[in-house]
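Structure record follows, encoded as C-alpha cells.
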Amino acid sequence: MAVHKGRGIAAIEYPTGMNQNGDPSQAWIKVKPDGRIDVFAGTSDIGNGSKTIQSQIVAETIGVPYDWITYDNSNTDSSPVCTGTFASRATFVAGKAVEKAAERVKERILDIAGKELEIDPSDLEIVDGEVLAKGAPQKKIAVPDVAAAATWTYGELITGTGAQLKDFASIVDPETGEVDSPPHSAISYAACAAEVEVDDETGVVRVTRLVQVYDVGRAINPTLVEGQIEGGAVQGLGLGVLENCYPYYPSAEHRGGQFGSYLAPGFEDLPQIDTIIIENPSADGPYGAKGIGEMANNAQPPAIASAVYDAVGVWVTELPITPERVLRALEAKAEPTRNGKTFVFDAELSVNAVAQGGIAFEVPA
Amino acid sequence: MTQATEVLFPTSADEAVAHFGDGSDVTVVGGGTIVMPEITYGRLAPTKALVLSRAGLDTLDVAGTTVTLGAGLPVERLAALAQDVKALAQCALNVADYEIRLQATVGGNLCAGEGRDAPRGDLQGPLLALDAQARSVGADGESTEPLEGFLGRRAGRLLLDVTFEKPAASAFAAIDYAHTHEYTVLAVSGVRTATGETRLAATGLAGFGTRLRSAEAAASDPERAGAAAVADVSLGDDALASAWYRERTLPVLVHRVLGELEEAA
Amino acid sequence: MKAVGARLPRYDGIGHVTGRTTYVDDVRVSGMLWAKALRSPLHSATITSFDTSKAEAMPGVHAVITHADVPLLEYGHLSALGIPADEPLLAKDEVRYKGQPIAVVAAEDEETAMAAVEAIDIELEERTPLFDIRKAFDADAPKVHQWGNWYTHFEGEMDRRQIRKGSVDDAFDKADTIVQGVYRPAAIEHVPLETQVALVVPEASGRLTIYSCTQALYFSMGVVAAHLQVPLNKLKVVGGTVGGGFGGKVDTASETMCALLAQRSGRPVKWRWTREEEFLCSSTRAPWHMEIADAVTKDGWILGRKMLTLHDSGAYGRFSPYGLTKHSFHHTGAYTIPNLEFDGYVVFTNRVPTTAMRGFGVTSVSFATETHMSRIADVLGLDPYEVRLKNANRIGDTSPNRIVYTDPSTVSVVKALAGGMDVELQPEYAAMSRDPREGDLLPEHLVGQMANPEDH
Amino acid sequence: MNLTVNGTTHDVESGPLATLLDVLREELGVTSPKAGCEQGGCGACTVLVDGEPQRSCLTPVGALDGASVTTVEGLGAPESLSPLQQAFTHHYAAQCGFCTSGMLIAAEAYLKRGGTDDREAIQEALAGHVCRCTGYVKIIDAVAAVARGDSFDLTVTAPSPGMTNLGGVS
C-alpha cells in the first residue's frame with residue numbers, strides 16, 4: 001500500500017445579509033431605574049452566539065459593563081422583527097439594529113445627565129457606566145443615577161429603538177442580471193489550504209491539516225469567531241469527503257437514516273486546524289464586522305479536491321470525495337480530452353453526455 | 001406496547017434458558033443497543049422480552065489455551081484480549097464507540113439480524129477466523145456447534161457463549177473511513193493457528209460474516225488469496241459503500257491481514 | 001473595559017453547561033398530546049383513496065388533520081420576493097417525494113399516535129419518478145411539478161437565471177486555452193443535534209402560543225399566520241434558543257401542523273421529529289450540477305467564463321430560486337472576470353425539497369470555481385497562488401451584476417495563506433494589494449469592466 | 001422499582017422496557033439528557049449509571065432497579081460548577097448547547113478513569129458524541145485543560161490553539 005500526501009488551496013468570497021437585501025431587523029432597548037439595560041431583539045440564537053454578540057455591541061455602544069445587559073429574544077410579543085438567523089446576518093444586520101437602538105439610548109442618557117450636571121450633552125461621554133465631562137472627568141454622574149433621575153425626577157423611560165433595512169436590490173434587466181443597487185452588505189473573504197493523505201489501495205482520503213485565513217472585518221468576540229471558523233471547517237470536511245444524503249445520487253436508494261450510516265464528521269475525523277484572522281473593517285457593519293458564519297464551510301471542499309489531485313493525480317469533482325470515487329478515478333486515470341485549444345475534463349458527467357437533446361452546454365470554440 | 005409486554009429479567013443462565021423456552025415470541029435484549037431503538041421507533045412490539053443484563057452471562061474465561069466469552073459480555077471487555085487474540089481486541093475496539101461498547105454485548109453483536117442501512121456483526125469476523133464454537137439453546141434444546149453453522153440458524157436461538165483456542169497469531173484490517181458511531185464498511189480477520197493453519201473471515205458483507213475458504217487455500221500467495229476471496233462472499237450496496245467498492249478492496253484487506261500474520265510468525 | 005473585541009463568555013453559557021437551557025423539547029405543559037405524521041412511502045404517486053375515519057375513532061386520538069383542514073393550503077415562504085407558492089402544507093391528490101406529509105394526528109402518547117398513523121387507509125398509484133436533473137429537460141422525462149420540471153417564474157417570467165456581461169464569444173476567441181469541467185456537490189443533511197420540534201398551546205384567550213425551534217421567529221410566525229389565515233396578534237411565537245440550525249430550521253412546517261392540531265383538539269400538541277425523519281424527510285442542502293468553461297491566456301488571465309448550473313430543488317421550490325440567484329451573483333468567486341455568460345435552472349425532482357444551508361447558493365459555486373481555478377493553474381503550469389492573486393478582486397473591479405467592489409480582500413487572504421503555508425511568492429505577487437489595478441495588472445481586457453468605487 | 005437520580009431516590013412507574021431517557025425526561029422531569037436520535041448514535045442522552053457512561057436511550061429502565069444515575073444536573077449548579085463545567089465555559093466548548101450534556105458526562109467518565117490531556121485519547125474517548133457546531137477543537141481543549149488541572153477564569157474565554165491574528169492588512 002502507499003499513502004500519498006497532497007496539498008491544495010482555495011480562495012473564496014461570501015456576501016453578508018440576504019441576497020438583494022430587503023431583510024429588516026429591529027431592536028428596542030429600555031433602561032431599568034438602576035441603569036441596567038434590557039435589550040429586546042428577535043434574533044434566534046442557533047448556537048452562533050448572537051445573544052452574546054448583540055449584548056456586547058449594546059454594552060460597547062452605550063458604554064456600560066457587559067454584565068449590565070439582559071438580552072431577550074424569547075418571543076414575538078416583546079421582541080420586534082428580525083428576518084432571522086441566516087444569510088450571515090445576525091451580527092452584521094441584526095447587530096446594526098441593536099447598535100442603532102443603543103445609540104438612541106445613549107443619547108437619552110447623555111441628555112438627562114446633561115441636565116443633572118448642567119453640561120451640554122455633546123461635551124459628555126459614557127465610560128464604564130459613568131457619564132463623564134470630556135476633558136474634566138471629575139465632573140460625572142453614574143448611569144444608574146441618570147436612570148434613577150429619569151424615572152423619579154423627569155418621569156421618563158429611557159428607551160431607544162433601532163432598525164436596519166437595506167433597500168431591496170431589484171434586477172433591472174433579467175437578461176443580464178443587472179441590479180439597481182448592491183445586492184449584499186459587506187463581502188467577506190477567506191482562503192484555505194488542505195493537506196491530505198490518500199491511500200491508493202482503499203481510496204480513503206484523510207484530511208490531516210487545514211490552514212485557513214478569514215477576513216472577519218472586526219472580531220466582536222474573537223473566541224466566538226474561532227468557534228464559527230472551526231465548526232465551519234469540520235462541516236467543510238464533511239462536505240469534502242464524508243457526507244451525502246444520496247450515496248448513489250441521482251438515485252434515492254440507500255439513504256442513511258442514522259448516525260453511522262449518514263456520515264457526519266466525528267471527533268476522530270478532526271484534522272489539525274491553523275487559523276489566521278485578518279481584520280479589514282467593513283464600511284457599514286457594526287464596529288466594522290463582517291459576517292463569516294456561513295462561508296466557514298465553503299473553502300475546504302475545493303482545497304481538499306485540489307489536494308487529492310496533488311496526492312494521487314486524479315480529479316474527483318463529485319462530492320464527497322469518497323473512497324469509491326477515488327478508486328474509480330484511479331482506475332480510469334482520466335486525462336482531459338484535447339480539442340484544439342480546449343481541455344475538456346469530466347465529459348462523462350456533462351449534460352451533453354446524459355441528456356437527450358433537451359439541454360446542452362455549448363462552448364464557443 | 002409496554003403494558004402488553006411480558007418483561008423478564010433472569011438472574012442466572014439457567015433461568016434465562018428456562019424463560020427462553022422454545023424461543024417462540026421471545027425478544028432477547030442483550031445490551032439494548034439494537035433492540036431498543038426498534039421498540040422506540042415502533043417497529044418492534046415484543047410480546048415477551050428477555051433482558052439478559054443480570055443473567056450472569058457477562059463472563060470472560062481463559063483456561064489454559066481455551067477462551068470462553070459469555071454472550072452477555074460487553075464488547076469493550078474484549079480489549080483485555082489484546083495480547084492473546086489481537087484481531088478480536090482490535091475488531092472490538094473498532095465497533096462504534098466507547099459507551100456503545102460498554103453496553104453492546106458479544107451475543108447481540110453475533111445474533112442481531114442484518115442492519116437497516118449498514119452491515120452489522122463485526123465480531124463475527126474474528127470469531128469465524130478463530131473457528132469459535134457457539135453454545136446455544138432453542139426449540140431442539142442445547143447444542144454446541146461451529147459459529148459458522150450457528151450464524152445461519154441463529155434466529156430463534158439463545159446464544160450462551162462462544163469458545164475458541166488462542167491462536168499463534170491474528171490480524172485485523174478494516175476500511176478506516178468515517179468516525180461518527182462508525183459502522184464497518186468492510187473488514188477482514190485472520191488467524192494463524194498453533195499448527196500453522198491460516199483462517200480468514202470477512203464482515204461488511206451482504207448477510208453476515210463469512211469464512212474466506214478460497215482465500216485460505218491460497219494463503220501462501222497473498223495476491224492470489226486476495227483475488228480468490230471475492231469468490232467466497234456475497235456483496236451488496238448500502239449507505240456506506242457499494243458492492244463494487246467492496247469487491248475492489250476485499251483483496252487489499254486480505255493482503256494486509258496475510259502480511260501482518262506473516263510478520264507476526 | 002471594552003466589550004467589542006473582548007473574549008467575553010457566552011451569554012447563555014452557564015445554562016448550557018448545567019443542563020438548564022430550555023429548548024422546545026424541555027418545555028413542560030400539562031395535558032400535552034403527541035403528533036405524528038403519515039408520510040408518503042413512495043417518491044411519486046397519485047392518491048387514489050384516503051380515509052382517516054378509523055384513526056379518528058381510535059381511543060386516545062384527539063385530532064387528525066389533512067389538506068382539507070388547512071385554511072390556506074399553499075403559502076409561498078418567499079412570496080415577498082415574487083416567488084409564487086407551490087407546496088401544499090399537506091399533500092392533496094398526489095405525492096411528489098418519499099416522506100411528504102399527508103396527514104398529521106395528535107394522540108395521548110407517541111405510541112397511540114403511531115398506531116393512529118398506521119390506521120389511516122390510503123391507496124397510492126405509483127408514478128415513474130425523476131431523479132436526474134440532467135434528464136429533466138428531455139421530452140420523455142416524467143413530469144414532476146405543476147409548473148413542469150423547472151422553475152419558470154424568474155423576473156420577466158424567464159425560466160432561468162441569466163447573467164450576461166461583456167462578450168464571451170470575444171473572450172473565447174482571444175483565449176490561448178479553454179478549460180472545461182463539471183462539478184457536482186452532494187445533498188447533505190443539516191444534522192442539528194436538536195431535531196425539528198414544535199409545541200403549540202391553545203390559550204384561553206384564543207391565542208396560540210407556539211414554541212418553536214425556528215431560526216426565524218417572525219418568518220415562522222408569518223408562515224403560520226398565512227396558513228391559518230389569522231392576524232399576527234392571535235399568535236405568540238416563543239423560541240430564540242435553538243439546538244443547531246445551519247439553515248434547516250427556516251422552512252419548518254411543524255409549527256403550523258401542531259397549531260391546526262391544537263385548534264382542533266383544544267389541547268397542547270407537540271411534534272418532535274425522530275432522527276430518522278430528520279435524516280430522511282427533512283429538507284437537505286441541494287445537489288448541484290455546474291459546468292464551467294473558462295477562456296484563459298497562457299499567463300493565467302481569465303478572459304471569460306461560460307457557465308451552466310442546474311440546481312436540484314427536489315419536489316418543490318421553497319428557497320431554491322433565491323439560492324440560485326445568489327449563486328449566479330457569485331459565480332466568479334473572489335476574482336474579476338469581465339466576460340460572462342451564465343445560465344442557471346431550478347430543476348424539480350422527486351426527492352425531498354432542498355433548502356438553505358450554511359453558505360446557501362455559494363458553497364456549490366465556491367467548490368466549482370475554485371476546483372476549476374486549480375485545474376487552470378495545473379493545465380497552464382502556473383502557481384496556484386499566483387493565478388489567484390492575478391485575477392483577484394481589486395477595488396474598482398465589478399461583480400457579475402456590475403456592482404463595484406469597494407473593499408475586496410482576495411489579495412490579503414491569499415497572501416496570508418501563502419505565509420501560513422511557508423510558500424514564498426514571487427516579488428511582484430508579494431507586493432500586491434487590493435488597490436485599484438494599474439500597469440501590468442490592468443491588461444486591456446479588464447479596462448472596460450472597471451467602475452468608480454465612489455459610485456457605490 | 002426505584003432509581004436514584006442525582007442523589008434523590010424515585011419510585012419509577014414507567015414499564016420496564018421504557019428507556020431510561022424517557023423515564024428521566026418524561027416521568028422525572030430531568031431534561032438535560034437530550035433525545036438527539038434515540039438510536040444510540042449521537043451521544044446527547046448519555047448519563048452515568050453507577051459511574052459508567054451509558055446511552056440512556058438504549059437502556060431499558062427495568063434493568064436498573066436500585067441503580068444510581070448521574071446527569072449534568074448532578075455535576076454542578078451555576079453557583080457550584082464542576083471543573084469540567086468551568087472548562088467548557090472558559091474554552092467556549094458549547095455553542096448551541098444541545099450536545100453539551102452528553103459531552104460533559106462522557107468527559108467526566110473519561111477523567112474519572114484516569115484520562116489524560118492527550119488530544120488523541122480525548123478524541124477517542126468522546127468519539128461517539130456528535131457536535132455539529134464547534135468542530136470539536138474547543139471541546140478537546142476544555143477536557144485537556146481539566147486533565148492538566150488548570151483553573152478557570154469564567155469572566156473571559158480562551159483562544160484556540162493555532163490562532164494568529166494579523167489585524168488589518170491589504
Side-chain angles (χ1 to χ4, degrees), chain A residues 10-13 19 42 44 46 51-52 56 59-60 66 73-77 81 84-85 171 174 176-177 179 182 189 191 193 211 213 215 223 243-245 250 257 264 276 280 287 294 298 301-302 305-306 317-319 341-346 349-351 354-356 358-359 361 363-364, chain C residues 3-4 7 10-11 131-132 134 137-138 155-156 158 163-164 169 172 177-188 191 215-219 236-238 240 242 245 276 279-280 284 291 293 308 326 334 358-359 363 366-367 370-371 374 379 388 401 403 409 412-414 416-417 420-421:
Chain A
I12 60 161
E13 50 80 52
N19 194 48
S44 284
I46 60 174
K51 289 177 188 172
T52 313
Q56 285 182 251
E60 179 79 24
Y66 173 67
N73 64 345
S74 67
N75 73 85
T76 51
D77 279 6
V81 167
T85 302
I171 291 178
T176 64
V179 283
Y189 287 79
V211 179
V213 183
D215 173 10
T223 302
E243 298 182 49
N244 196 349
C245 292
I276 298 165
N280 287 338
Y287 295 93
E294 287 187 274
N298 286 0
S306 300
T317 61
E318 287 186 279
L319 293 182
K341 65 182 183 181
T342 306
F343 287 72
V344 181
F345 290 92
D346 319 315
L349 297 176
S350 69
V351 292
V354 176
Q356 293 158 18
I359 191 168
F361 184 61
V363 175
Chain C
V4 163
R7 292 183 181 272
R10 200 184 160 87
Y11 183 88
F131 294 120
D132 192 337
R134 293 169 298 189
F137 301 84
D138 293 347
E155 286 83 352
M158 285 178 65
I163 300 284
R164 297 288 184 271
D169 287 341
F172 278 69
T177 302
I178 294 164
V179 180
Q180 196 175 329
V182 183
Y183 305 91
R184 290 166 62 83
I188 76 164
V191 201
Q215 292 180 226
L217 295 169
Y218 273 85
F219 188 91
K236 176 182 181 181
V237 180
V238 179
V242 182
E276 201 169 280
F279 274 136
L280 302 180
T284 70
E291 304 205 19
L308 170 70
K326 187 172 176 182
R358 196 175 200 168
T363 309
S366 293
F367 170 65
E370 278 304 283
T371 309
S374 292
V379 165
R388 286 174 168 85
N401 37 12
I403 298 302
S409 292
S412 322
V413 297
V414 173
L417 185 68
M421 294 297 288

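Just so we're on the same page: letters track the sequence lines, and every chain starts at 1.
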Under a 3.5 Å distance rule, please check whether T342(A) uses its side chain to pair with a backbone N or O of I178(C) as donor and acceptor.
no
Side-chain donor/acceptor of E60(A) to backbone N/O of V4(C), under 3.5 Å:
yes
Which atoms of V179(C) come close to chain A, meaning under 4.5 Å heavy atom to heavy atom: side chain ones, backbone ones, both, or neither?
both
For A10(A) against L417(C), the heavy-atom pair lying closest together:
O-CD2, 4.4 Å
May I ask you to decide if F172(C)'s main-chain N or O and K341(A)'s side chain share a donor-acceptor pair within less than 3.5 Å?
yes
Can you name the closest pair of heavy atoms from A216(C) and S44(A) and give their distance?
N-OG, 4.0 Å
Contact class of A305(A) relative to chain C, heavy atoms under 4.5 angstrom
side chain
Checking heavy atoms, do the side chain of V379(C), its backbone, both or neither come under 4.5 Å from chain A?
side chain
Most chain A-contacting option - heavy-atom pairs closer than 4.5 Å, from F219(C), F131(C), Y183(C)
F131(C)
Looking only at heavy atoms, which two atoms of I359(A) and R134(C) are closest? And how far apart?
CG2-O, 4.2 Å
In terms of heavy-atom pairs under 4.5 Å, which option from C245(A), G42(A), G84(A) contacts chain C the most?
C245(A)
Contact class of R7(C) relative to chain A, heavy atoms under 4.5 angstrom
both
Note: A3(C) and A59(A) closest approach over all heavy atoms is CB-CB, 3.8 Å
Taking E291(C) for the side chain and V351(A) for the main chain, is one N or O donor matched with an acceptor at less than 3.5 Å?
yes
Pair count under 4.5 Å, heavy atoms only, with chain C: among V179(A), D77(A), T223(A), highest is D77(A)
Contacting moiety of T177(C), where chain A heavy atoms sit under 4.5 Å
both
Can you tell me which of G359(C), G245(C), A186(C) forms the most heavy-atom pairs within a distance under 4.5 Å of chain A?
G359(C)
Looking only at I276(A), T52(A), V211(A), V344(A), most heavy-atom pairs under 4.5 Å shared with chain C are made by T52(A)
Give the member of L349(A), D215(A), I12(A), T85(A) that has the highest number of heavy-atom pairs under 4.5 Å with chain C.
L349(A)
Would you mind telling me which of V238(C), I163(C), I188(C), D169(C) has the largest number of heavy-atom pairs within less than 4.5 Å of chain A?
I188(C)
Can a donor-acceptor pair be found between the side chains of S409(C) and N280(A) at a distance below 3.5 Å?
yes
Give the member of N75(A), N73(A), D346(A) that has the highest number of heavy-atom pairs under 4.5 Å with chain C.
D346(A)
Please state whether the side chain, the backbone, both or neither of M158(C) comes within less than 4.5 Å of a heavy atom of chain A.
side chain
